[in-house]
Amino acid sequence: MSTLSRKLFKKLHPKNKKNEKPPEKVGKDYLLIIILSLTIIFLAIGWSNFDNVNRALYVALIVSLGTTYARRHLKITESQDELIERVGLIAMAAAIVLFVAEIYIKFIA
């Protein structure tokens, strides 16, 4: 009986780790870092010239780019990854809505 249980255990939980893939190497993301840095610089330089809609737009862009960078480079759990992904998507949606609102305010209204 113990022999059968050992065989069954070996089939269910094999020790062979050759099938496991090594973790993927993440790139350096220089373009993402450059765009994030430029967005922060533009926000800092233009803060006094921007209205509240533009400020919120740039903050939403920074949050979105920051969450993208964090998901790619930080070692986080699945639940944290899911939360960060949702925050990034909400920030992107907010940036799009704010951009459309700014276009409407400047050119249509």
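By the side chain to side chain donor-acceptor pair (under 3.5 Å) test, T3 is found to be paired with no residue, residues two or more places apart in sequence or in another chain being considered. N49 is linked by a side chain to side chain donor-acceptor pair (under 3.5 Å) to nothing, counting only residues two or more places apart in sequence or in another chain. Listed by chain and number, the residues in a ring-ring contact (aromatic ring centres under 6.0 Å, His included) with F42 amount to none (sequence neighbours excluded). Applying the side chain to side chain donor-acceptor pair (under 3.5 Å) test to D81 and every residue at least two apart in sequence or in another chain returns R71.
In this structure, CZ on R55 lies 7.5 Å from CG on D51, to the nearest 0.5 angstrom. We find the CG-CD1 distance between L65 and I33 to be 11.5 Å, quoted to the nearest 0.5 Å.
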As a quick check of understanding, evaluate side chain to side chain contact (heavy atoms under 4.5 Å, CB included) for L74 and Y69, giving each step before the final call. CA-CA 8 Å; L74 296 180; Y69 186 80; over 6 Å; no
Please tabulate, one pair per line, all N/O donor-acceptor pairs under 3.5 Å involving side-chain atoms of residues 85-92, not counting sequence neighbours.
{"residue": "R86", "atom": "NH2", "partner": "E82", "partner atom": "OE2", "Å": "2.7"}

Ignoring hydrogens and angles, write down the donor-acceptor pairs under 3.5 Å from the side chains of residues 99-109, residues two or more places apart or on other chains.
none

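Formation of a donor-acceptor pair under 3.5 Å by the D29 side chain with backbone atoms of L32 is not found in this model. Between the T67 side chain and the V63 main chain, a donor and an acceptor come within less than 3.5 Å of each other.
Looking only at side-chain heavy atoms (C-beta outward), L43 and F50 come within less than 4.5 Å of each other.
Exactly one of V59, L61, N54, L57 qualifies for a side-chain contact (heavy atoms from CB on, under 4.5 Å) with L98. That residue is L57.
In the hydrophobic cluster analysis, where Ile, Leu, Val, Met, Phe, Trp and Tyr join through side-chain heavy atoms closer than 4.5 angstrom, Y58 is grouped together with L36.
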